[in-house]
Amino acid sequence: MLAPERSAEAIATEKMVLDTVRALVRDKVAPRAAQIDATGEYPKDIADLFARNGLLGIPFPEEYGGLGSFLTYVKVVEEVSKACATSALIIAVQELGALPIMIAGNEAQKRAYLPKLASGEMMTSYALTEPTSGSDAANMRTTARREGDWYVLNGTKVFITNVAVADICIVFAMTDPTLGPKGASAFICHTDDPGFKLGKVEHKMGIRGSPTNEVILDNCRIPADRRLGEEGEGFRIAMATLDKSRPGVAAQALGIAQGALDFAARYLQERVAFGKPLAKQQGLQWMVADMDCEIQAARLLLYEAASRCDAGGPDVTYWGALCKLKCGDVAMRVTTDAVQLLGGYGYMTEYPVERMMRDAKITQIYEGTQQIQRIVIARKILGK
Ligand SMILES: Cc1cc2nc3c(=O)[nH]c(=O)nc-3n(C[C@H](O)[C@H](O)[C@H](O)COP(=O)(O)OP(=O)(O)OC[C@H]3O[C@@H](n4cnc5c(N)ncnc54)[C@H](O)[C@@H]3O)c2cc1C
């Protein structure tokens, strides 16, 4: 069954937002993309640009400064990703690190954080992964010990996106390690809390302008009222967050794929071989047709998943997995084909498709690998 129709007002607002985003991407983001990749530097100017234009809190409820639309949000991430996957990740991580508060925060926590995250006054991050628990996230070792009105956190998180530029970080830790996943809790840490330290900086294949860091929690002491939900609800909060953040990764993948196809299609019209443009070669036309067909199919799945997030349906786990699996695989295939279509030039950093191919790969890995998405999907079809 398709997701419900939207109001004319929501559609008009979305059009306005997307017109703005397209202009910003054309004038400000696209010209910076190659440089961001080459230097590996976080584009603070782009983050500020997004903040000024109200792009950091689109899926947040309106009462906390957002637009209240996951569908508009994924379309924005898609548009930015056509030019620069690193820049799009700024918007996507702001959603990822705000979702636990939207899902499990009490009113005081929502009021304290969400409006500032929506405006960009505050930036966030999300720390679930540990050295020994990635896909097997429930196997985390970080602990949170209650001491009166405080919690003391100890442990190491790895691969945490944008924590180096964030003001807060949602940290998942075991309040009762004897209970397995039911012993995990979620906390809002401030990155200047005592004992919250940044560790190793990772050097990456793609999305090179997004800093990725180890986080060391060394007797990190935080007030007890920064716990999200009840003790023991952390794993549920972490998974409910991923259900709604995976469409953001899917949108990033889809945008990368569309950007690569658009570039390759222009190249084929211009590059002449054997006395005619490459676009006249039927073998290449068929490749382009297959790339477009895959992108269009992935887009329908993504928009359906995002609409279901908006509708608040119970099936977002399944749809989030479906769209991330499809869009991630399409991005990898389309960008690889785009490199092929450009021949030797496709392999050179002078052209953007090799960057797009490197950027595409991460969408098959983070926020649950493609194998994990298949497990989620199969569970719905076959049961646990
Ligand atoms: C650039 C980058 C940014 C990231 N950002 C964040 C972040 O901001 N916050 C955060 O918390 N995490 C982040 N991550 C972590 C990311 O989510 C994990 O790397 C990912 O979930 C995979 O975990 P792992 O690396 O431990 O791989 P593993 O879990 O060790 O998996 C290794 C391989 O085995 C496969 N596999 C594992 N279990 C199964 C199974 N049961 N069946 C079949 N195959 C299986 C996997 O699919 C994978 O191919 C980031 C990672 C990267 C690379």
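Just so you know, ligand 1 is whichever comes first in the structure, and atom 1 is the first atom listed for that ligand. None of the values given here were measured: they were computed from a predicted structure.
Atom OG1 of residue Thr212 and atom OH of residue Tyr366 lie 9.0 Å apart, to the nearest 0.5 angstrom. To the nearest 0.5 angstrom, Lys200 atom NZ is 11.0 Å from Ile216 atom CD1.
Ion pairing of Arg32 with Asp45 is present here, as a side-chain N (NZ or NE/NH1/NH2) and a carboxylate O approach within less than 4.0 Å. Salt bridge Lys326/Glu294: present, at least one basic N to carboxylate O contact under 4.0 Å. Ion pairing of Asp48 with Lys44 is present here, as a side-chain N (NZ or NE/NH1/NH2) and a carboxylate O approach within less than 4.0 Å. With respect to Arg6 and Asp310, no salt bridge is recorded, no charged nitrogen being found less than 4.0 Å from a carboxylate O. Salt-bridge annotation for Glu107 and Arg111: present, with a side-chain N of the basic residue lying under 4.0 Å from a carboxylate O of the acidic one. Taking 4.0 Å as the cut-off between side-chain N and carboxylate O, Glu147 and Arg221 count as a salt-bridged pair. Here Glu14 pairs with Lys75 in a salt bridge; the nearest charged N to carboxylate O distance falls below 4.0 Å. Between Asp329 and Arg374 there is a salt bridge, since a side-chain N of the basic residue sits under 4.0 Å from a carboxylate O of the acidic one.
There is no protein heavy atom closer than 4.0 angstrom to atom 35 (C) of ligand 1. Protein heavy atoms are found inside the 4.0 Å sphere centred on atom 1 (C) of ligand 1. Within a 4.0 Å radius of atom 9 (N) of ligand 1, the protein contributes at least one heavy atom. Distances from atom 30 (O) of ligand 1 to the protein include no heavy-atom value under 4.0 Å.
Nearest protein heavy-atom neighbour of atom 39 (C) of ligand 1: Ile372 CD1, 4.2 Å. The protein heavy-atom contact nearest to atom 51 (C) of ligand 1 is Phe159 CB, 3.7 Å. Closest to atom 26 (O) of ligand 1, if we only count protein heavy atoms, is Gly134 CA, 3.2 Å. For atom 15 (C) of ligand 1, the closest non-hydrogen atom of the protein is Thr129 OG1, 3.2 Å. For atom 17 (O) of ligand 1, the closest non-hydrogen atom on the protein side is Glu367 N, 3.5 Å. Counting protein heavy atoms only, atom 45 (C) of ligand 1 is closest to Gln371 CB, 4.2 Å. Atom 20 (C) of ligand 1 has its closest protein heavy atom at Ile365 O, 3.7 Å.
Contact annotation: Ile375 has at least one heavy atom less than 4.0 Å from an atom of ligand 1.
Considering backbone and side-chain N/O of Asp136, none are found under 3.5 Å from N/O of ligand 1. Ligand 1 has an N or O atom lying under 3.5 Å from an N or O atom of Leu128, backbone or side chain. Polar contact check, Thr161 against ligand 1: a nitrogen or oxygen pair lies under 3.5 Å apart. Inclusion of Thr369 in the set of residues having an N or O under 3.5 Å from an N or O of ligand 1 is warranted. Considering backbone and side-chain N/O of Ser135, one or more are found under 3.5 Å from N/O of ligand 1.
Taking the six-membered ring for Trp, Tyr113 and Tyr64 have ring centres at least 6.0 Å apart.
By the criterion of a heavy-atom distance under 4.0 Å, the side chain of Ile362, and not its backbone, is placed next to ligand 1. Under 4.0 angstrom from ligand 1, there are no non-hydrogen atoms of Gln370.
Atoms of ligand 1 found under 4.0 Å from any heavy atom of Lys204 (numbered from 1 in listed order, with element): 1 (C). Short contacts between ligand 1 and Ile160, defined as distances under 4.0 Å to a heavy atom of the residue, involve ligand atoms 7 (C), 8 (O), 9 (N), 10 (C), 11 (O).
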Inset, instruction - Tell me, with the steps shown, if Thr72 and Thr13 meet side-chain contact (heavy atoms from CB on, under 4.5 Å). - result: CA-CA 9 Å; Thr72 304; Thr13 304; over 6 Å; no
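In this structure, Arg227 fails the cation-pi test against Phe187, since its NZ or CZ atom is not both closer than 6.0 Å to the six-membered ring centre and inside 45 degrees of the ring normal.
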